[in-house]
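A quick write-up on the structure given underneath.
Each chain gets a letter, A, B and so on, in the order the sequences are listed, and its residues count up from 1. Quick note: numbers below take in every heavy atom, side chains included, and nothing from hydrogens, waters or symmetry partners.
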Number of protein chains: 4
Amino acid sequence: MVCGMTRQAPDAARRNAGSRSAILAAALDLVAEVGYPKLTVEGIAARAGVGKQTIYRWWPSKGAVLFDALLALGETPDGQPGSLPDTGDLAADLKVVLRATVEELDDPRYDASMRALSTEIMHDPELADRYARRLDGPLRDVKRERLRSAQRAGELRADLDLEVAVDLIWAPIAHRWSQRGPLTAGYTDAVVDAALAGLRRRRG
Amino acid sequence: MVCGMTRQAPDAARRNAGSRSAILAAALDLVAEVGYPKLTVEGIAARAGVGKQTIYRWWPSKGAVLFDALLALGETPDGQPGSLPDTGDLAADLKVVLRATVEELDDPRYDASMRALSTEIMHDPELADRYARRLDGPLRDVKRERLRSAQRAGELRADLDLEVAVDLIWAPIAHRWSQRGPLTAGYTDAVVDAALAGLRRRRG
Amino acid sequence: MVCGMTRQAPDAARRNAGSRSAILAAALDLVAEVGYPKLTVEGIAARAGVGKQTIYRWWPSKGAVLFDALLALGETPDGQPGSLPDTGDLAADLKVVLRATVEELDDPRYDASMRALSTEIMHDPELADRYARRLDGPLRDVKRERLRSAQRAGELRADLDLEVAVDLIWAPIAHRWSQRGPLTAGYTDAVVDAALAGLRRRRG
Amino acid sequence: MVCGMTRQAPDAARRNAGSRSAILAAALDLVAEVGYPKLTVEGIAARAGVGKQTIYRWWPSKGAVLFDALLALGETPDGQPGSLPDTGDLAADLKVVLRATVEELDDPRYDASMRALSTEIMHDPELADRYARRLDGPLRDVKRERLRSAQRAGELRADLDLEVAVDLIWAPIAHRWSQRGPLTAGYTDAVVDAALAGLRRRRG
DNA sequence: GGATAACCGAGACGGTACGTCCGGTCTTACC
DNA sequence: GGTAAGACCGGACGTACCGTCTCGGTTATCC
């Protein structure tokens with residue numbers, strides 16, 4: 001099994017699976033309850049009924065614990081990254097996906113831990129790299145694939161830089177979320193429409 | 001002059017201006033040197049040659065200090081918000097502005113303190129509100145005004161929601177910066193072009 | 001007017017008598033309420049409705065304030081030191097006096113401030129000296145005089161060292177008080193009897 | 001072995017003996033150097049090379065630390081309370097003992113820490129109780145025993161209250177010490193003589 | 001199936017920083 | 001010019017966690 005950010009040195013085979021999942025669950029609970037800044041390794045250990053050393057043995061920081069917790073949260077269904085819906089109508093598909101994303105961010109467990117992870121990434125380049133490769137990367141692949149499909153179908157410009165295109169659609173939502181701006185279905189719909197149609201006025 | 005996030009309770013008239021600026025300068029220096037997580041109130045006080053109480057008297061947290069420090073940094077020139085260049089060619093103007101923004105983020109003092117502030121905002125709704133009103137708001141006004149001018153000149157669609165339009169252009173840059181992605185002039189140019197032209201393929 | 005331990009530098013004539021007595025009263029109240037270790041100059045100033053500087057201007061420490069407060073407490077009646085009763089029966093007179101002393105120590109104002117003063121004296125030789133000259137000295141004179149009178153009347157040995165004699169009678173009470181031992185009329189009576197008669201068995 | 005004033009809650013078995021003795025030694029050194037009022041927990045921790053929490057884990061206050069330090073100082077020889085010399089001549093024996101006591105109080109380590117302890121006892125009834133049971137009690141037993149022996153030998157009155165007798169002899173010394181009066185061998189000899197013979201004049 | 005090595009809970013340890021309280025000095029405005 | 005008010009620098013308080021460490025007590029493979 002893949003493991004997120006665990007240290008490799010100790011003998012992973014001997015690892016107590018119960019402790020591991022108790023720690024990840026405690027971390028998610030606590031971050032939702034008290035917020036990331038007040039999340040402490042000691043608190044996680046106490047809540048999980050685990051010695052502090054058991055955490056430090058496997059993770060270098062509370063951020064790494066939370067990272068694995070988020071990974072586990074995402075992997076629960078089947079372990080497959082899945083793909084975005086493709087009905088042939090890109091605008092409609094994107095609107096559905098973004099509405100779902102916005103709804104997901106209403107779950108305080110998810111919101112709090114994502115917020116925490118984003119925070120940690122801002123100050124920890126190594127964690128940022130792991131995030132890019134293990135969490136954001138696969139998601140981004142999925143998004144890019146949907147756009148590429150639309151491109152092949154002639155819905156999108158042939159000369160489009162898909163990296164930029166992905167950002168154009170998803171960054172406004174992420175940015176508004178991170179700044180606690182109002183995040184509604186109306187807003188995400190408007191973003192999709194504007195991104196696809198462009199800001200520029202059409203002549204004639 | 002208005003002041004950023006100082007508590008209003010104590011008698012602001014009696015305030016020692018020298019201590020205030022020493023504290024703000026020390027905060028900026030330290031956050032650039034050791035990063036936000038290792039920035040401490042104690043450290044700021046020591047560097048500024050000030051008692052800890054003098055900080056706690058006027059600010060509730062290290063985040064608030066940094067907020068005021070950033071405000072002071074921005075106000076240095078003249079206190080006027082200024083406006084974006086307007087040559088009549090929106091795409092060109094935006095490219096110039098975004099290239100300048102990217103360059104500004106290369107200054108470690110600015111980068112580190114903005115990163116710190118973004119972090120704090122993620123977990124402190126009250127600070128987020130102050131940020132929106134005192135720092136981001138004025139900047140956003142300036143951006144919206146430039147777009148409105150282009151709209152009036154017929155460069156942009158008449159039915160455009162300018163809030164969405166602002167996000168479409170600036171959010172990708174902010175998002176990539178916060179995730180430590182590569183932030184080049186080529187990228188910002190591509191964002192401007194894609195946002196203005198739209199992702200959708202033109203028929204005929 | 002005598003003043004206990006006030007600094008002499010400032011112009012005492014301009015002194016605000018109301019502030020002075022408010023400070024002394026506040027000190028006595030507070031020491032009885034919260035105990036000496038938690039008595040603070042700031043607290044006294046607040047209770048007395050006085051600026052801190054007004055205290056520091058006239059007294060060097062909270063101990064000195066309390067010292068003056070005790071002096072004022074003792075001087076209230078007439079300012080005269082008075083003398084011990086002298087009925088011609090030393091034992092009876094002493095028992096009356098000591099019972100009165102024990103009763104006085106039941107007043108928490110008096111008990112707490114005396115306890116505080118004793119404490120301060122233990123660590124501050126200068127204050128100890130002032131205490132010996134201004135508070136304990138006069139009292140001791142009075143005690144010694146009563147014993148000298150008994151000596152002249154033939155009740156006490158002619159070769160007696162009266163300093164030792166005073167200690168023999170009063171030190172046990174003071175010592176037991178300071179160690180919070182049980183302080184009863186029975187005990188003080190027993191001390192008087194034992195001190196006068198001596199511990200040694202009489203022969204024949 | 002019993003221990004002085006340590007809190008019982010934490011697991012005493014896991015206690016680091018080196019830290020404990022380093023703390024006690026540091027406390028004795030510091031109180032002799034800077035005096036009790038300037039003795040700080042922080043200072044003790046620094047001098048002992050110990051974290052502050054290690055002190056707060058086991059003692060509730062600097063006074064309690066000093067108490068244990070004094071206990072340890074007293075227990076060094078053998079842990080036995082010992083007894084007072086008994087040559088059959090009570091007066092001579094007492095004079096020897098009191099001269100030794102006075103000399104002991106010349107050691108600034110002992111003087112300063114005893115002074116500190118006395119101070120703390122004045123304001124902390126619980127500490128006073130511990131003192132009475134663990135330090136003063138055993139000493140007092142020893143003194144009472146010596147007097148009882150003299151009583152049995154016919155040197156002292158048969159009807160004597162030994163508690164009062166102990167105070168009559170030792171309280172004057174303790175009291176004079178606490179008030180920083182002159183404490184000489186001549187004085188202690190005079191106290192013994194006066195206490196044994198009594199103040200009252202013997203009739204021809 | 002007994003040895004042995006790692007994990008595990010618990011928690012003491014040396015530290016750092018917290019946010020508060022107060023000491024003693026200095027400044028300002030009022031009277 | 002004395003006073004009430006209170007900001008200021010400094011420093012100790014007692015607490016919370018950090019990350020390391022040591023202690024017995026379970027596992028759980030490997031001889």
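Residues B:G49 and D:R14 each lie close to DNA chain F; by heavy-atom proximity, the contact nearer the 5' end of the strand is made by B:G49. Between D:V41 and B:V50, the residue anchored closer to the 5' end of DNA chain F is B:V50, taking for each the nucleotide with the nearest heavy atom. Of the two residues near DNA chain E, D:G51 and C:K38, the one whose nearest nucleotide lies more 5' is D:G51.
Rounded to whole Å, atom P of F:dC17 lies 12 Å from atom CD1 of A:I44. Summarising the geometry, the separation between OH on D:Y36 and C1' on F:dA12 is reported as 14 Å, rounded to the nearest angstrom. For the pair A:R15 CZ and E:dG9 P, the interatomic distance rounds to 11 Å; values are reported in whole Å. Put simply, OH on D:Y56 is 17 Å from C1' on F:dC17, counting in whole angstrom units. At whole-Å resolution of the value, CG in A:L30 and P in F:dC17 are 11 Å apart. Distance NZ (C:K62) to C1' (E:dC21): 13 Å, rounded to an integer number of Å. The CD1-C1' distance, from D:I55 to E:dT16, rounds to 16 Å in whole Å. Here E:dG15 presents its P atom at 12 Å from CG of D:N16, a figure rounded to the nearest Å.
Put simply, the residue from A:H123, A:R115, A:E120 that forms a side-chain hydrogen bond (donor to acceptor under 3.5 Å, both in side chains) with B:T119 is A:H123.
One cannot find a donor-acceptor pair under 3.5 Å joining the base of F:dG10 and the side-chain atoms of B:K52. Between the side chain of A:E42 and the base of F:dC18, no donor-acceptor pair of N or O atoms lies under 3.5 Å. Checked by distance alone, C:Q53 brings a side-chain donor or acceptor within 3.5 Å of a matching partner on the base of E:dC26.
One finds no side-chain N or O of B:T40 lying less than 4.0 angstrom from the OP1 or OP2 phosphate oxygen of E:dT16. Put simply, A:S19 has no side-chain N or O that comes within less than 4.0 Å of OP1 or OP2 on E:dC7. Between B:W58 and F:dC8 there is a side-chain N or O to OP1 or OP2 distance below 4.0 Å. In this structure, D:R57 reaches the E:dC13 phosphate: one of its side-chain N or O atoms is under 4.0 Å from OP1 or OP2. At F:dC9, one or more side-chain N or O atoms of B:T54 fall inside 4.0 Å of OP1 or OP2 (strictly under the cut-off).
The list of salt bridge (charged side-chain N to carboxylate O under 4.0 Å, His left out) pairs with a residue in residues 23-32 of chain D, not counting sequence neighbours, reads D:D29-D:R47, D:D29-D:R109.
Counting heavy atoms from C-beta outward, B:L39 and B:Y36 have side chains that approach closer than 4.5 Å. The shortest side-chain heavy-atom distance between D:L117 and D:L66 does not fall under the 4.5 Å cut-off. C:I55 has its side chain out of reach of C:K52: every pair of non-hydrogen atoms, C-beta onward, lies at least 4.5 Å apart.
Among the protein residues, D:G43 comes within range of no part of the nucleic acid, since none of its heavy atoms lies under 4.0 Å from any strand.
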